[in-house]
Amino acid sequence: MIALEQCATLVLAAGASRRFGADNKLLAEIEGRPMVEHILMRIAALPFAQRLAVVDDLEGPVAGIARRHGITPVLSPDAATGMGASLAAGAKALGSESAAVFVLLGDMPFVPAAIFAALAARLEDPVSIARPRTPQGPGHPVLFARRHFSALAGLEGDSGAGAVIAAHRDHLDWVDTTETGCIADFDTTAALAAWRGSV
């Protein structure tokens, strides 16, 4: 078991939003705020050791939103090559005060606050990776112990954290949940429109 005060958070917010069209999906409005601001506010309210958001422009609007909530933006100069590059940039910025890191996606605004402590409670040797599992499949965030930081920092291109999880399945534990916020993302304008039509 590990305390939230020993954990870092790493929000991946540098994607190209290709499936969303010309606009940056992370700035699309949800409940009166930019999409990405919801997850940034969630982690700002919890006692993490370190809070990072990977961006593709340190002077851009996403970086500005992150700073407003006390979250440090980290530049991923190769973000356009894929999620692996963004993860690597963020992992390289993790400090020695962090014994584990939650990897989050900027387009998942409804991740429940309670899931962080539930995942942290599973991180005890030999478990070094913890992930939510819903009836619809695996969710986010994913918690990685410090022993995986170097592997995350070595990712490239579009090879995401799935490669690290697959290589260490014997050390993975699940938190079963029915929270749809652990899987709800907005990759397309259609998905956002469908959500708006349902509320």
Side-chain angles (χ1 to χ4, degrees), residues 1-13 15 19 25-26 30-31 35-54 71 83-84 86-87 90-91 94 98-149 151-152 155 158-188 190-192 194-195 198-199:
M1 183 175 180
I2 193 168
L4 294 187
E5 290 85 351
Q6 298 172 277
C7 299
T9 52
L10 182 57
V11 179
L12 303 181
R19 295 175 59 196
K25 69 179 176 182
L26 298 181
I30 289 183
E31 296 182 349
M35 183 188 302
V36 71
E37 189 166 15
H38 289 271
I39 192 60
L40 296 176
M41 290 174 64
R42 190 76 32 83
I43 65 173
L46 293 168
F48 295 113
Q50 190 176 18
R51 301 175 182 87
L52 305 175
V54 181
I71 294 162
M83 188 180 292
S86 292
L87 251 172
L94 291 169
S98 299
V101 62
F102 289 97
V103 175
L104 303 115
L105 305 180
D107 66 351
M108 296 184 68
F110 303 127
V111 170
I115 198 65
F116 294 97
L119 290 167
R122 299 296 176 89
L123 215 64
E124 187 170 359
D125 196 51
V127 175
S128 59
I129 304 173
R131 187 173 194 181
R133 180 170 55 191
T134 75
Q136 295 77 30
H140 284 83
V142 184
L143 179 61
F144 294 91
R146 186 172 189 85
R147 72 180 71 168
H148 300 296
F149 286 11
L152 294 173
L155 293 172
D158 207 31
S159 177
V164 179
I165 295 172
H168 300 279
R169 289 200 180 278
D170 291 346
H171 302 284
L172 167 67
D173 197 8
W174 298 94
V175 171
D176 288 313
T177 178
T178 57
E179 289 279 2
T180 57
C182 290
I183 55 170
D185 64 6
F186 297 94
D187 278 343
T188 65
L192 181 57
W195 174 82
S198 70
V199 295

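Only a predicted model underlies this, so the values are computations on that prediction, with no experimental measurement involved.
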**OP:** Tell me, please, which residues at least two apart from R131 pass side chain to side chain contact (heavy atoms under 4.5 Å, CB included).
**Re:** P138, H140, V142, I165, L172, W174
Subject >> Minimum heavy-atom distance D107-L26, with the two atoms named >> reply: N-CD2, 3.6 Å
Original post:
Does the side chain of L12 reach to within under 4.5 Å of the side chain of V103, using non-hydrogen atoms?
Top reply: yes
Original post:
Can you list the residues that meet the side chain to side chain contact (heavy atoms under 4.5 Å, CB included) rule with P126, with sequence neighbours excluded?
Top reply: H171
**OP:** State which residues pass side chain to side chain contact (heavy atoms under 4.5 Å, CB included) with A8; sequence neighbours excluded, sorted by chain then number.
**Re:** Q50, L94, S98, V101
Original post:
What's the shortest heavy-atom distance between L87 and A161, and which atoms?
Top reply: CD1-N, 3.4 Å
Original post:
Say you draw a straight line from CG of L10 to OG of S86; how long is it, rounded to the nearest 0.5 Å?
Top reply: 9.0 Å
Subject >> Nearest atoms (heavy-atom pairs only) where M83 meets L105 >> reply: CE-CD2, 4.1 Å
Subject >> Approximate separation, where rounding is to 0.5 Å, of Q136 CD and T178 OG1 >> reply: 9.0 Å
Subject >> Heavy-atom pair with the smallest gap, counting every atom of R122 and A130 >> reply: CB-CB, 4.1 Å
Subject >> E179 and I115, any side-chain heavy atoms less than 4.5 Å apart >> reply: no
Original post:
Taking only residues two or more places apart in sequence, or in another chain, which ones meet D125 in a side-chain hydrogen bond (donor to acceptor under 3.5 Å, both in side chains)?
Top reply: R147
Original post:
Closest approach of I30 and P109, non-hydrogen atoms and distance?
Top reply: CD1-CG, 4.0 Å
Original post:
What closest approach, in Å, do L123 and A100 show between heavy atoms, and which atom pair accounts for it?
Top reply: CD2-CB, 3.7 Å
Original post:
So, do I43 and I71 sit near enough that their side-chain heavy atoms are less than 4.5 Å apart?
Top reply: yes
**OP:** Measure the CG-CG distance between L4 and L46 for me, rounded to the nearest 0.5 Å.
**Re:** 6.5 Å
Original post:
Would T180 and T134 satisfy side chain to side chain contact (heavy atoms under 4.5 Å, CB included), going step by step from the backbone distance to the final call?
Top reply: CA-CA 8 Å; T180 57; T134 75; over 6 Å; no
Original post:
Passes side chain to side chain contact (heavy atoms under 4.5 Å, CB included), L143 versus F116? Steps please.
Top reply: CA-CA 8 Å; L143 179 61; F116 294 97; over 6 Å; no
**OP:** Could you note down all residue pairs passing salt bridge (Lys or Arg N to Asp or Glu O under 4.0 Å) where residues 40-52 supplies at least one of them, sequence neighbours left out?
**Re:** none
**OP:** Could you grab the distance from atom CZ of R133 to atom CG of D176, nearest 0.5 Å is fine?
**Re:** 4.0 Å
**OP:** With sequence neighbours excluded, tell me which residues meet side chain to side chain contact (heavy atoms under 4.5 Å, CB included) with A167.
**Re:** none
